[in-house]
Amino acid sequence: MTSKKGKISVVIIHYNTPEYLETCIESVLKQSYENVEIIFIDNDSPDKTGITFVKEKYDHLANFKMILNLKNAGYAKAANQGIRIADDAKYIVITNPDIIYTKDYFKNCVERIEEDSE
């Protein structure tokens with residue numbers, strides 16, 4: 001049975017790597033853990049191909065938020081921005097677009113975290 005515990009917010013910080021976006025986002029959307037949202041933050045990528053692709057394919061999803069920074073805030077500032085936006089999440093994952101998650105990755109992480117209070 002799929003866990004329906006606290007929300008996981010996955011913050012994808014993007015800068016000019018459109019070739020990785022589909023595999024990363026799809027791996028998050030296909031998680032067996034159901035309560036997952038994606039916060040996509042683009043740090044003013046010069047190549048707008050990724051932004052166009054993400055807008056067309058994912059921006060309409062209820063569990064997807066797209067933030068387009070007008071200047072490159074740097075990785076740490078974008079991560080903090082994502083954390084602020086994910087204010088109702090129990091868990092926050094900061095990730096790069098070149099990461100591909102296995103189907104049960106978040107379910108397994110949450111189960112392990114919740115079985116061991118330390």
Side-chain angles (χ1 to χ4, degrees):
M1 182 173 167
T2 302
S3 176
K4 292 193 177 204
K5 296 182 181 181
K7 179 169 37 172
I8 298 173
S9 291
V10 180
V11 180
I12 301 172
I13 300 172
H14 176 253
Y15 182 79
N16 227 33
T17 56
E19 66 274 19
Y20 298 117
L21 293 174
E22 185 170 23
T23 53
C24 178
I25 293 170
E26 288 295 324
S27 76
V28 175
L29 292 174
K30 293 177 180 173
Q31 288 297 302
S32 60
Y33 190 94
E34 292 181 356
N35 198 1
V36 178
E37 77 171 347
I38 297 173
I39 300 171
F40 174 83
I41 299 177
D42 181 80
N43 247 347
D44 193 30
S45 293
D47 178 351
K48 305 301 182 198
T49 307
I51 295 168
T52 301
F53 169 75
V54 169
K55 273 185 183 177
E56 290 174 359
K57 187 154 185 179
Y58 303 109
D59 199 34
H60 68 281
L61 300 175
N63 65 334
F64 191 90
K65 296 175 184 173
M66 185 171 186
I67 310 301
L68 303 177
N69 288 336
L70 299 177
K71 69 176 197 167
N72 187 337
Y75 192 88
K77 284 187 179 181
N80 287 331
Q81 180 182 19
I83 291 166
R84 283 190 300 276
I85 293 166
D87 63 350
D88 65 338
K90 183 169 183 180
Y91 305 104
I92 300 172
V93 177
I94 308 295
T95 196
N96 294 326
D98 61 345
I99 302 298
I100 300 171
Y101 294 99
T102 58
K103 182 182 176 195
D104 294 326
Y105 182 82
F106 295 128
K107 179 181 80 67
N108 292 338
C109 286
V110 169
E111 285 174 358
R112 179 69 179 125
I113 289 167
E114 292 184 354
E115 75 183 21
D116 185 351
S117 63
E118 292 183 34

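Values below: all heavy atoms of this structure, side chains included; hydrogens, waters and symmetry mates excluded. Each residue takes its place number in the sequence, starting with 1.
- For the atom pair CG of N96 and SG of C24, the computed distance is 8.5 Å after rounding to the nearest 0.5 Å.
- With hydrogens and angles ignored, the 3.5 Å screen pairs a side-chain donor or acceptor of D47 with a backbone N or O of T49.
- A 6.0 Å sphere centred on OH of Y105 holds no more than 12 heavy atoms belonging to other residues, nucleotides or ligands.
- Listed by chain and number, the residues in a ring pair (Phe, Tyr, Trp, His ring centres under 6.0 Å) with Y20 amount to none (sequence neighbours excluded).
- One hydrophobic cluster holds both I38 and V54 under the rule that ILVMFWY side chains link at heavy-atom gaps under 4.5 Å.
- Both I12 and I51 belong to a single network of hydrophobic side chains, linked directly or stepwise wherever heavy atoms of I, L, V, M, F, W or Y lie under 4.5 Å apart.
- Residue K48 qualifies as enclosed at atom NZ: its count of foreign heavy atoms under 6.0 Å is above 12.
- In the hydrophobic clustering of this structure, M66 does not group with I39; members are Ile, Leu, Val, Met, Phe, Trp, Tyr whose side-chain heavy atoms approach within less than 4.5 Å, directly or through other members.
- A single hydrophobic cluster is seen to contain both I99 and Y33, as judged by linkage of ILVMFWY side chains at heavy-atom distances under 4.5 Å, directly or through other members.
- Across every non-hydrogen atom of Q31 and D104, the tightest pair is OE1-C, 4.1 Å.
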Side-chain donor-acceptor distances from residues 58-65 under 3.5 Å, at least two apart:
from: Y58; atom 1: OH; to: E26; atom 2: OE2; distance (Å): 2.7
from: N63; atom 1: ND2; to: V36; atom 2: O; distance (Å): 3.1
from: K65; atom 1: NZ; to: E37; atom 2: OE1; distance (Å): 3.4

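- Residues that satisfy the side-chain contact (heavy atoms from CB on, under 4.5 Å) test with K90, not counting sequence neighbours, are E114.
- With E115 contributing its side chain and V110 its backbone, the two residues share no donor-acceptor pair below 3.5 Å.
- Of all heavy-atom pairs spanning T17 and P97, the tightest one is OG1-CG, 3.6 Å.
- Looking only at distances, no side-chain donor or acceptor of D116 sits under 3.5 Å from a matching main-chain atom of R112.
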Show the atom names and distances, to 0.1 Å, of all donor-acceptor pairs under 3.5 Å that link a side chain in residues 76-87 to residues at least two apart or in another chain.
from: N80; atom 1: ND2; to: A76; atom 2: O; distance (Å): 3.4
from: Q81; atom 1: OE1; to: N69; atom 2: ND2; distance (Å): 3.0
from: Q81; atom 1: NE2; to: N69; atom 2: OD1; distance (Å): 2.9

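- With sequence neighbours excluded, the residues satisfying side-chain contact (heavy atoms from CB on, under 4.5 Å) with S27 are I100, Y101.
- When the options L21, I67, V28, V11 are evaluated for a side chain to side chain contact (heavy atoms under 4.5 Å, CB included) with F40, the one that passes is L21.
- Listed by first and then second residue, the ring-ring contact (aromatic ring centres under 6.0 Å, His included) pairs involving residues 74-100 amount to none (not counting sequence neighbours).
- Contact check for P46 versus Y15: side-chain heavy atoms found under the 4.5 Å cut-off.
- N43 places a side-chain N or O within donor-acceptor distance of the main-chain N or O of A73, the cut-off being under 3.5 Å.
- Hydrophobic clustering of Ile, Leu, Val, Met, Phe, Trp and Tyr side chains at less than 4.5 Å, counting indirect connections, unites L68 with V10.
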